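See below for the structure under consideration.
Here the structure is a predicted model, which means the values were calculated and not measured. Sequence lines set the chain letters: A, B, ... in the order given, protein chains first and strands last, and positions in each chain run from 1.
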Number of protein chains: 2
Amino acid sequence: MEETFRRSLYSELDDIDYGIVRALQENARLPFTTIAKELGVTEKTVRMRVQQMQDEGVLSLVGIVNPVKAGLNVQSFIQVAVEANKLDDVVATLNEIVEVRLIVLTTGDYQLIIQILVRNYEELAQFLMNKLNKVPGVTRVNVINELKILKSKYKFIR
Amino acid sequence: MEETFRRSLYSELDDIDYGIVRALQENARLPFTTIAKELGVTEKTVRMRVQQMQDEGVLSLVGIVNPVKAGLNVQSFIQVAVEANKLDDVVATLNEIVEVRLIVLTTGDYQLIIQILVRNYEELAQFLMNKLNKVPGVTRVNVINELKILKSKYKFIR
DNA sequence: ATACTATAATACGAATTCCGACAAATCGCA
DNA sequence: TGCGATTTGTCGGAATTCGTATTATAGTAT
């Protein structure tokens, strides 16, 4: 049998959780035994906490590729204006599109900001003409190309 | 002695690299032995490739916290217009500010888009008034609050 | 083509880590 | 206080990681 119990949904992270997160955001493969020693708890405790935080969407342990090194040379933010009553549908459609890595509901003149990754400008053009502008409910888009990423960090906890 | 050799800077990832990346972007803690079996190479090979890709900034294995679950409830994109000759200085200054998790040079009316994470609107106000607007060279800002993240994926490679 | 050098892959044993079952401790609450 | 549920600790076997030594491969100059 797997571990079936579950802590009541995380209201707040405690010191041990923060310790774990602080360690893993540096290096997702840090041994649980190391973290445990540092925090003064058992490896099993660390293991269970990590499992729970992952299960509840608090923590993700992922490998992130430098997009440019993987041939995804063109990255853009795109602001998208949407007819109010079509928002759900538009989001659902965008969700299925592989180029889209981020969809955020925002304040401002546009309802959404999305971020896309493509190999080159040809693909960007294809995406805009054949995909985004054909989604019913999209009324206006504002493309902001990313020329260079100057800082990008995933360490949110200090 | 550590592993001192180094592959000539990655021009392109080969099939094994892609296999490794594809596996790790799902789960950063997947055992190297598992990946190795899948790809038909040795565990040591996988281990060395991962090390190299990390050293060269191609791959990062990180734990990412859900900011809201960690009390960072307010997230914003901020477009920043900068005097042309002050761009370097502004970027250097923003780089040191803990709330700033992303700085991107962009096309469009503003030179930069930054993303910030703070605990609440009070902190956002403090950031805008006491930090961002006091950076010499910043002429205009456009704050776009993130109301809800509807999609966010780190799996760039398919 | 051959030899040479640097890099990469494999083989493999020892050390470490992970895993899961069970027991003990703690927490929440009636 | 007592009870049930959850969390933490203990511990031994299985799996993984790590480092060294060896072999293979690619690129280059002779």
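Of all non-hydrogen atoms in A/Glu56 and B/Lys69, the two that sit nearest each other are O-NZ, 3.3 Å.
Summarising the geometry, the separation between CG on B/Leu39 and C1' on C/dT10 is reported as 15 Å, rounded to the nearest angstrom. Taking atom CD of A/Glu43 as the reference point, atom P of D/dT16 lies 15 Å away to the nearest angstrom. We find that CG of B/Asn27 is positioned 13 Å from P of C/dC18, with the value rounded to whole Å. Straight-line distance from the CD1 atom of A/Ile16 to the P atom of C/dT26: 13 Å, rounded to whole Å. C/dT17 atom P lies 13 Å from atom CD of A/Glu38, rounded to whole Å. Between the CG atom of B/Leu24 and the C1' atom of D/dT16 there is a distance of 14 Å, given to the nearest Å. Computed from coordinates, the A/Phe32 CZ to D/dT8 C1' distance equals 16 Å when rounded to whole Å.
Put simply, CD1 on A/Ile113 and CD1 on B/Ile144 are 4.0 Å apart, with the number rounded to the nearest 0.5 Å. Taken from CD in A/Gln111 to OG1 in A/Thr106, the straight-line distance is 7.5 Å, to the nearest 0.5 Å.
Listed candidates were C/dG20, D/dG9, D/dG19. Nearest to the side chain of B/Arg47 is D/dG19. The B/Lys44 side chain lies nearest to C/dT10 when the options are C/dT10, C/dA9, C/dC19. Relative to the side chain of B/Lys37, the nucleotides D/dT16, C/dT17, C/dC18 differ in distance, and D/dT16 lies closest. Residue B/Met48 places its side chain closer to C/dA9 than to any other of C/dT10, C/dA9, D/dT17.
In terms of phosphate contacts, A/Gln52 brings no side-chain nitrogen or oxygen within less than 4.0 Å of OP1 or OP2 of D/dT6. Regarding contacts with the backbone of D/dT17, a side-chain N or O of A/Arg29 is found under 4.0 angstrom from either OP1 or OP2. The phosphate of C/dT16 has neither OP1 nor OP2 within less than 4.0 Å of any side-chain N or O from A/Thr33. Residue B/Gln51 places no side-chain N or O under 4.0 Å from the OP1 or OP2 atom of D/dC18. At C/dA9, one or more side-chain N or O atoms of B/Arg49 fall inside 4.0 Å of OP1 or OP2 (strictly under the cut-off).
Partner A/Asp17 forms a side chain to side chain donor-acceptor pair (under 3.5 Å) with one of A/Arg49, A/Arg22, A/Gln52 and no other, that one being A/Arg49.
Heavy-atom nearest nucleotides on DNA chain D were determined for A/Pro31 and for A/Gly40, and the one closer to the 5' end corresponds to A/Gly40.
Counting any heavy atom pair closer than 4.0 Å across all strands shown, A/Thr45 reaches sugar-phosphate atoms only and no base atom.
Comment: B/Glu99 engages B/Lys131 in a salt bridge, judged by a side-chain N to carboxylate O separation of less than 4.0 angstrom.
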